[in-house]
Number of protein chains: 2
Amino acid sequence: MTFQKRAHKILELLEELGEVDIRQLALEIGVSEVTVRRDLANMATNGLLYRTHGGAMKVSQLIKPVSFANKAAVNFKAKDAICKRAAEDINDGDIIFIDCGSTAFRLCQFIKNKKIKVITNSLPVVNELQNSAVTINMIGGEVDPIRQAIHGTIATEHIARYHASKAFLGTDGITCDGLYAGSEHEASNTLAMASQSDQTYLLCDVSKIGKTSYLKFDDLSIVDILVTDYNGPEIIEFQSKEILVYSVTH
Amino acid sequence: MTFQKRAHKILELLEELGEVDIRQLALEIGVSEVTVRRDLANMATNGLLYRTHGGAMKVSQLIKPVSFANKAAVNFKAKDAICKRAAEDINDGDIIFIDCGSTAFRLCQFIKNKKIKVITNSLPVVNELQNSAVTINMIGGEVDPIRQAIHGTIATEHIARYHASKAFLGTDGITCDGLYAGSEHEASNTLAMASQSDQTYLLCDVSKIGKTSYLKFDDLSIVDILVTDYNGPEIIEFQSKEILVYSVTH
DNA sequence: TTGATTATGATTATTTTTGATCGAATTAAC
DNA sequence: GTTAATTCGATCAAAAATAATCATAATCAA
């Protein structure tokens, strides 16, 4: 098999898998690892792929898909059901805020083909929506590496300059008394988004209901619509506080 | 059998199989391998096929879609050498701007362990530096999906709120007359960063020197230090304009 | 026919490709 | 941090393919 044929094959595998390792390639193609290494080096100098230790990556994937995948995968069926329901309310032409956090992140998959404008402080959301029909506006300011989001006063000020039709927010905990956040920064961003939008949706899986956290940052007045897979007694109380509740199942 | 007849046969086989090898052709056509080789050489110079070691391939099969050519990997050795040199000037405690673009992006790998603050409008830079010692500040505003960066008036305003000790900028082209950019947004960001920093470094591989582009956005006065792998006559002229030139090799 | 030109095949030297090996560099594990 | 395991790059040798050279056969013009 000639170099050209191998190159073709490697690019194909790369396109399919995103990354390849040398042992796997040597086996698949039927040549020695040395040869594969040479091929990769060659192709890398031509910009056809990105060489890594032990293999290669697709160039376009050089932008790491930000993986707080772990957290996002927890209870993802509930989160997906919630986000799917929420996405039904999003129409072409909408301008929406998307909060940081693993729940709101799952909204992305349902809005990729909508002609909307998304304003967000979440880096995973930006990455996820990069090659979609959506126009993205990134909120600026200090990057919080753990939450993979932009936080701080500059961020809050930035939010205040925009206005959206809908905000899709997350929270660390919610009780009949109010909303709880794990940090002040998170809270101030969430509040800022809520105050700058016509309608606020709170995306909230069952694990958050009835739970309190470090900081109670608001009563429930900022919430217009609660989307949740929870179905217990508190629901009625939420409704009595003029919150519309979307109950979903999965 | 004449050359024309053989050529016809070879093209037929090529169309059918996508690739051919010389031994197989010699057998099939009934001539010596030397002759086949001569035929292929002939046809290759006329662009009828692509010669490989031991055979030939259909031209169309050879090249994958253009999307593979990613800027970040093109000429990366020069870019790495440039960025490595530039990084030597970055010290703990510095606050630096990093411009968007494939060259400045390569600075990331050399500053991951420095205790500095980075202000950038480049999404790849943010992703690359996420799990590093660096504190990141993301410039906010509209996301340009092609350049993977934040551009626009909001972004420019955001930059104006910060001040850095050093700015590491890229450009689409540079001549003795000035700097060229591919878009107005790019230019305004670059200018904003330059005006808000004590020293501006221009990171510029050989392909940019002497090249002009869509928009001339400044003379050379904003550049303090030019880091490049170029080593031609213009260098002296740059120096005469009070630009310090770091020449690197790779 | 003759001489010249061209195409083909055989032979040989050169280049290219590939795989093996080993010290150095990088990464992972502790 | 240190150590162990991979992976890398360089060098060398073997095999295959190529280019160069030459000789022979076919073609063509005068």
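Order of the sequence lines fixes the chain letters, A, B, ..., with proteins taken first and strands second; residue numbering starts at 1 for each chain. What you see is a predicted model; the values in this text were computed from it and never measured.
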Completion exercise
By side-chain hydrogen bond (donor to acceptor under 3.5 Å, both in side chains), B/H151 pairs with (sequence neighbours left out) B/N189
Handout entry: Residues which pass side-chain contact (heavy atoms from CB on, under 4.5 Å) with A/T2, listed by chain and number, not counting sequence neighbours
Key = A/Q4, A/K5, B/T52
Practice task
Calculate the interatomic distance between A/L25 atom CG and D/dC8 atom P; express it in whole Å.
Solution key: 11 Å
Which atoms of nucleotides 17-24 of chain D (N or O only) lie under 3.5 Å from a protein N or O atom, and what are those distances?
unit_1: D/dA17; atom_1: OP2; unit_2: B/R23; atom_2: NH2; d: 2.7
unit_1: D/dA17; atom_1: O4'; unit_2: B/H53; atom_2: NE2; d: 3.2
unit_1: D/dA17; atom_1: O3'; unit_2: B/G54; atom_2: N; d: 3.1
unit_1: D/dT18; atom_1: OP1; unit_2: B/R51; atom_2: NH1; d: 2.8
unit_1: D/dT18; atom_1: OP1; unit_2: B/R51; atom_2: NH2; d: 3.0
unit_1: D/dT18; atom_1: OP1; unit_2: B/T52; atom_2: O; d: 3.4
unit_1: D/dT18; atom_1: OP1; unit_2: B/G54; atom_2: N; d: 2.7
unit_1: D/dT18; atom_1: OP2; unit_2: B/R37; atom_2: NE; d: 2.9

Problem - With B/R6 via salt bridge (Lys or Arg N to Asp or Glu O under 4.0 Å) - residues at least two apart - result: B/D39
Problem - For B/K166, all residues meeting side-chain hydrogen bond (donor to acceptor under 3.5 Å, both in side chains), sequence neighbours excluded - result: B/D94
Fill in the blank from the handout: Hits for salt bridge (Lys or Arg N to Asp or Glu O under 4.0 Å) against B/E88, two or more places apart or cross-chain, chain-then-number order -> B/R85
Problem - B/K117: partners by side-chain hydrogen bond (donor to acceptor under 3.5 Å, both in side chains), with sequence neighbours left out - result: A/E142
Handout entry: B/T175 and B/K211 side chains, donor-acceptor separation under 3.5 Å
Key = no
Completion exercise
Hits for salt bridge (Lys or Arg N to Asp or Glu O under 4.0 Å) against A/R23, two or more places apart or cross-chain, chain-then-number order -> A/E33
Problem - Divergence of helical axes at both termini of the helix from C/dT1-D/dA30 to C/dC30-D/dG1 - five pairs an end, 10° steps - result: 40°
Expected rows: protein N/O vs nucleotides 4-7 of chain C N/O, under 3.5 Å:
none

Handout entry: Contacts of B/Y230 that satisfy ring-ring contact (aromatic ring centres under 6.0 Å, His included) - sequence neighbours left out
Key = none
Practice task
Applying side-chain hydrogen bond (donor to acceptor under 3.5 Å, both in side chains), name anything that partners B/T212, two or more places apart in sequence or on another chain.
Solution key: none
